[in-house]
Amino acid sequence: MPIDVFMTQLSPTMTEGKIARWLKKEGDDLVSGEVMAEVETDKATMEMEVVDEGVLHKILSPEGSIVPVGAAIAVIAEDGEDVPADYLPQSSGVETMAEADVDAPAEEAAALAAETAPEAQAAAKIGHAVHNAEAVIEEETELNLKSSGLFNADGEYDVVVIGAGPGGYVAAIRAAQLGLKVACIESTHLGGICLNWGCIPTKALLRTAEVINIIQHSGDALGLGVSEANPDLDKAVTRSRAISAKLNNGIGFLFKKNKVEHIEGVASFESDNKLMVKDAKGNSTQVTAKHVIVATGAHARAFPGMDVDNDVIITYKQALAPKALPAKLVVIGSGAIGMEFAYFYNAMGSDVTVIEAADQILPLEDHEISKIVARSFKKQKIKIITTAMVSSAKNVDGKAVVEYEAKGKQTTIEGDACLVAVGIIGNTDQIGADNTSMKIDRNTIEVDDWYRTDHAGIYAIGDVVGAPALAHVASHEGIVCVEAIAGKHPHKVDYGNVPGCTYCQPQVGSCGKTETQCKEEGIPYKVGRMSYNTNGKAMGLAETDGMVKTIFHAETGELLGAHIVGAEATEMIVSLGVAKTLETTEAELAHHMFPHPTLSEMIHESVLDSDDRAIHI
């Protein structure tokens with residue numbers, strides 16, 4: 001028999017909804033999980049998904065119609081069913097409720113509708129809230145989009161991804177989940193730099209450093225019966241490489257599970273919209289695709305005068321698998337990479353000096369957070385030199401000789417090795433970009449909000465599209481890109497709320513604006529702070545070095561930025577990032593109950609402190 005589809009109540013106060021758009025037309029087959037229509041309320045625009053499969057027999061409420069909760073909006077017929085011409089949808093009971101008390105408040109009417117229309121609740125499943133209604137209008141006008149098109153209309157694959165790093169492999173898997181035929185071209189290791197020579201192996205090494213420092217600084221106090229560690233560099237490195245290998249195999253499994261074809265080789269564009277892949281033997285094969293995503297990542301940058309030889313003057317790759325522990329290590333650059341390796345090598349026994357051109361270490365972080373890390377590093381006997389411009393870093397007779405200028409004085413420092421950690425540069429030189437119409441400036445590919453380039457059918461994500469060059473950003477971009485290709489109309493990435501994490505000890509986690517940015521932009525703001533040194537959980541962990549800092553708009557209470565330095569900062573920052581995404585205010589965070597005893601209580605105290613309401617300060 002026919003199945004009636006009703007306007008479902010989407011919020012406790014909703015009494016009616018507007019049919020914004022029908023994504024199915026009469027006569028279309030309906031498959032469970034597909035989006036049938038978009039419904040606007042006073043609070044949001046929702047996707048109405050298909051629950052009961054069949055054929056969309058009749059649309060009762062055209063686009064633009066304002067429909068009461070519980071009223072029928074469509075009729076579904078089973079495959080091959082003849083629906084009588086005089087068929088009328090069954091009453092959901094809402095009309096009876098309305099007739100019973102036409103003067104009932106909207107809230108009561110909506111509640112009655114929810115109770116008396118279970119059929120309506122079952123007949124239409126509402127997916128996630130895609131956009132706030134105002135945000136939909138704003139985003140449609142603000143989206144920066146280039147022309148769409150196909151790379152090869154007759155392509156064997158719907159999507160081919162070049163590169164299997166955190167952007168590429170995630171994009172490939174998500175595209176396959178959306179029902180597209182996908183291949184991913186990668187010449188070396190699945191997982192890219194992040195999994196094999198970056199994020200993952202460094203965290204394994206940093207865990208070793210963390211345990212060493214716990215023993216040396218708190219071993220007696222914790223009752224461990226040991227206060228000296230005996231670090232073994234080879235074992236630490238071997239463990240880190242084993243973890244990378246295990247995860248590398250895991251991506252191969254995910255490819256097979258999701259039917260993503262892994263094509264081994266190096267890809268490059270040739271004229272006439274050809275994508276060629278050269279294998280390890282030098283054989284070239286053309287791969288055809290309707291859409292091609294460039295996700296080739298990046299490599300370490302070195303400024304003029306920094307003569308990287310991968311022996312004495314090294315980058316992150318050599319630092320992850322050193323031949324021996326350098327007695328003296330010079331680190332150029334104090335971003336996340338530089339600070340994490342400085343922390344690791346110091347814990348293993350090296351004498352470490354960090355040289356930074358900016359006036360603070362971790363230049364992108366809030367100034368107060370930077371000061372706490374600098375203070376902690378100095379306690380660990382790591383030397384820090386800021387406002388210093390390096391002019392030269394060379395291998396001189398097997399020693400790293402670094403020349404820099406600070407406070408108007410030219411100085412030379414010598415070490416057994418020098419790690420150059422001054423950023424990265426996109427891998428665009430070897431992809432045949434000259435045979436495309438992509439716009440590339442200083443190894444950065446220009447893209448729009450859905451990662452289309454200026455060449456129809458070619459997209460780019462991750463490090464090759466510029467900062468922030470982070471694995472989680474690349475993954476997020478990959479998902480947005482393929483969902484746009486599949487016609488899903490995704491949110492554009494919010495680059496104003498990217499979580500930044502540095503995994504040395506003390507850890508650093510941040511999102512949103514720094515206090516300096518608020519000042520420069522003329523935003524009225526207020527700040528709350530809470531130190532680790534009075535938190536009971538931090539005391540129990542013997543980790544009392546740190547602070548939580550929250551920044552709110554002084555007039556609206558909007559969370560503008562959050563910055564944490566200390567134990568588990570990289571985990572705690574997630575909750576504040578989610579709060580910012582949900583547009584949570586100071587008052588709402590203050591009202592929330594935080595568990596005790598936890599480190600997260602410091603978030604609550606910091607929020608309260610912004611309004612002079614902190615209890616434990």
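As a basis for the values below, the full set of heavy atoms in this structure was taken, side chains included, without hydrogen atoms, waters or symmetry mates.
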* Step by step, work out the side chain to side chain contact (heavy atoms under 4.5 Å, CB included) result for Ile293 and Val482. => CA-CA 9 Å; Ile293 301 174; Val482 297; 3.6 Å; yes

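- No side-chain heavy atom of Leu589 sits under 4.5 Å from any side-chain heavy atom of His604.
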* Asked: Are Val182 and Asn258 close enough, and set up right, to give a side chain to side chain contact (heavy atoms under 4.5 Å, CB included), and what steps lead you there?
  -> CA-CA 9 Å; Val182 185; Asn258 289 280; over 6 Å; no

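- Heavy atoms only, all atoms of each residue included: Pro166 and Gly191 are closest at CD-O, 3.7 Å.
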* To do: Could you please spell out the steps behind the side chain to side chain contact (heavy atoms under 4.5 Å, CB included) verdict for Glu588 and Thr585?
  => CA-CA 5 Å; Glu588 290 165 332; Thr585 64; 3.3 Å; yes

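- Side chain of Asn443 to main chain of Gly426: a donor-acceptor pair is present (N/O by atom type, distance under 3.5 Å, no hydrogens or angles).
- Remark: Asp545 engages Arg375 in a salt bridge, criterion side-chain N to carboxylate O under 4.0 Å.
- The backbone N or O of Glu515 sits less than 3.5 Å from a side-chain atom of Asp366, completing a donor-acceptor pair.
- Of the possible polar contacts, one joining the Gln360 side chain to the Glu365 backbone as a donor-acceptor pair under 3.5 Å is found.
- The pair Glu543-Lys537 does not count as a salt bridge, with every side-chain nitrogen at least 4.0 angstrom from each carboxylate oxygen.
- The structure places OG1 of Thr296 at 11.5 Å from CD1 of Ile185, a figure rounded to the nearest 0.5 Å.
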* In sequence, state the C-alpha distance, the side-chain angles, and the governing distance for Glu340 and Thr502, and then conclude on side chain to side chain donor-acceptor pair (under 3.5 Å). => CA-CA 7 Å; Glu340 289 177 4; Thr502 304; 5.2 Å; no

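- Taken from CD1 in Ile355 to CD1 in Ile361, the straight-line distance is 14.0 Å, to the nearest 0.5 Å.
- For the pair Ile479/Pro490, no side-chain contact is recorded, criterion being any heavy-atom separation below 4.5 Å from C-beta on.
- Using a cut-off of 4.0 Å between Lys/Arg side-chain N and Asp/Glu carboxylate O, Glu446 and Lys146 are scored as salt-bridged.
- Asn497 and Thr581 form a side-chain donor-acceptor contact under 3.5 Å, judged by distance and modelled atom types alone.
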Acceptor/donor pairs from residues 556-571 side chains to any protein atom, 3.5 angstrom cut, sequence neighbours excluded:
from: Thr556; atom 1: OG1; to: Glu558; atom 2: N; distance (Å): 3.3
from: His563; atom 1: NE2; to: Lys513; atom 2: O; distance (Å): 2.8
from: Thr570; atom 1: OG1; to: Gln507; atom 2: OE1; distance (Å): 2.6

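- Ionic pairing of Arg207 and Glu210 is present here: one or more N-O contacts between side-chain nitrogen and carboxylate oxygen are shorter than 4.0 angstrom.
- Here the side chains of Ile445 and Lys439 are not in contact, with every heavy-atom distance at 4.5 Å or above.
- Interatomic distance, Asn144 CG to Trp450 CH2, rounded to the nearest 0.5 Å: 11.5 Å.
- Looking at heavy atoms from C-beta onward, Val527 lies in side-chain contact with Lys549 at the 4.5 angstrom threshold.
- Inspection of the Glu186 and Thr188 side chains reveals an N or O donor paired with an N or O acceptor under 3.5 Å.
- Within a 6.0 Å radius of NZ in Lys371, other residues, nucleotides and ligands contribute 12 heavy atoms or fewer.
- Note: Thr387 OG1 to Asp359 CG = 5.5 Å, rounded to the nearest 0.5 Å.
- Counting all heavy atoms, side chain and backbone alike, Val464 lies closest to Ala460 at CG2-CB, 4.2 Å.
- Using a 4.5 Å cut-off on side-chain heavy atoms (C-beta onward), Val548 and Arg529 make no contact.
- Atoms CH2 and OG1, from Trp197 and Thr202 in turn, are 12.0 Å apart once rounded to the nearest 0.5 Å.
- Of the possible polar contacts, one joining the Ser240 side chain to the Val237 backbone as a donor-acceptor pair under 3.5 Å is found.
- For His367, the NE2 atom counts as densely surrounded, since its 6.0 Å shell holds more than 12 non-hydrogen atoms of other residues, nucleotides or ligands.
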* Residues Asn213, Gln380; criterion side chain to side chain contact (heavy atoms under 4.5 Å, CB included); working and verdict -> CA-CA 9 Å; Asn213 276 320; Gln380 298 174 51; 3.8 Å; yes

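- Between Leu178 and Arg174, some side-chain heavy-atom pair lies under the 4.5 Å cut-off.
- Summarising the geometry of Cys194 relative to Cys199, their closest heavy-atom pair is SG-SG, 2.6 Å, with the distance given to 0.1 Å.
- Side chains of Leu145 and Arg452 form a contact here, defined as non-hydrogen atoms less than 4.5 Å apart.
- Asn346 places no side-chain N or O within 3.5 Å of a backbone atom of Val352 that could act as its donor or acceptor partner.
- Between the side chain of Thr386 and the main chain of Glu356, no donor-acceptor pair closer than 3.5 Å is present.
- Rounded to the nearest 0.5 Å, atoms NE2 (His489) and CD (Glu38) are 7.5 Å apart.
- In Lys18, the NZ atom is not crowded: 12 or fewer heavy atoms of neighbouring residues, nucleotides or ligands sit closer than 6.0 Å.
- Side-chain atoms of Asn248 do not come within 3.5 Å of backbone N or O of Ser244 as any donor-acceptor pair.
- Qualifying ring pair (Phe, Tyr, Trp, His ring centres under 6.0 Å) partners for His592, counting only residues two or more places apart in sequence or in other chains: Phe594.
- Scanning both residues, Val498 and Val473, for their nearest heavy atoms gives CG1-CG2, 3.5 Å.
- Counting only distance, with no hydrogens or angles, the side chain of Ser334 and the backbone of Leu362 share a donor-acceptor pair below 3.5 Å.
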* Asked: For Lys526 and Glu586, what are the C-alpha separation, side-chain angles and deciding distance, and is it a salt bridge (Lys or Arg N to Asp or Glu O under 4.0 Å)?
  -> CA-CA 10 Å; Lys526 54 184 178 179; Glu586 173 196 17; 2.9 Å; yes

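- Residues Cys504 and Tyr343 come closest through the heavy atom pair CB-CB, 3.7 Å.
- The backbone N or O of Tyr451 lies less than 3.5 Å from a partner atom in the side chain of Asp448, making a donor-acceptor pair.
- Between the Arg301 side chain and the Ile424 main chain, a donor and an acceptor come within less than 3.5 Å of each other.
- Aromatic pair His291/Tyr459: centroids less than 6.0 angstrom apart.
- Environment of NZ in Lys256: sparse, with no more than 12 heavy atoms of neighbouring residues, nucleotides or ligands closer than 6.0 Å.
- Minimum interatomic distance between Val354 and Ala342 (heavy atoms only, all atoms of both residues): CG2-CB, 3.7 Å.
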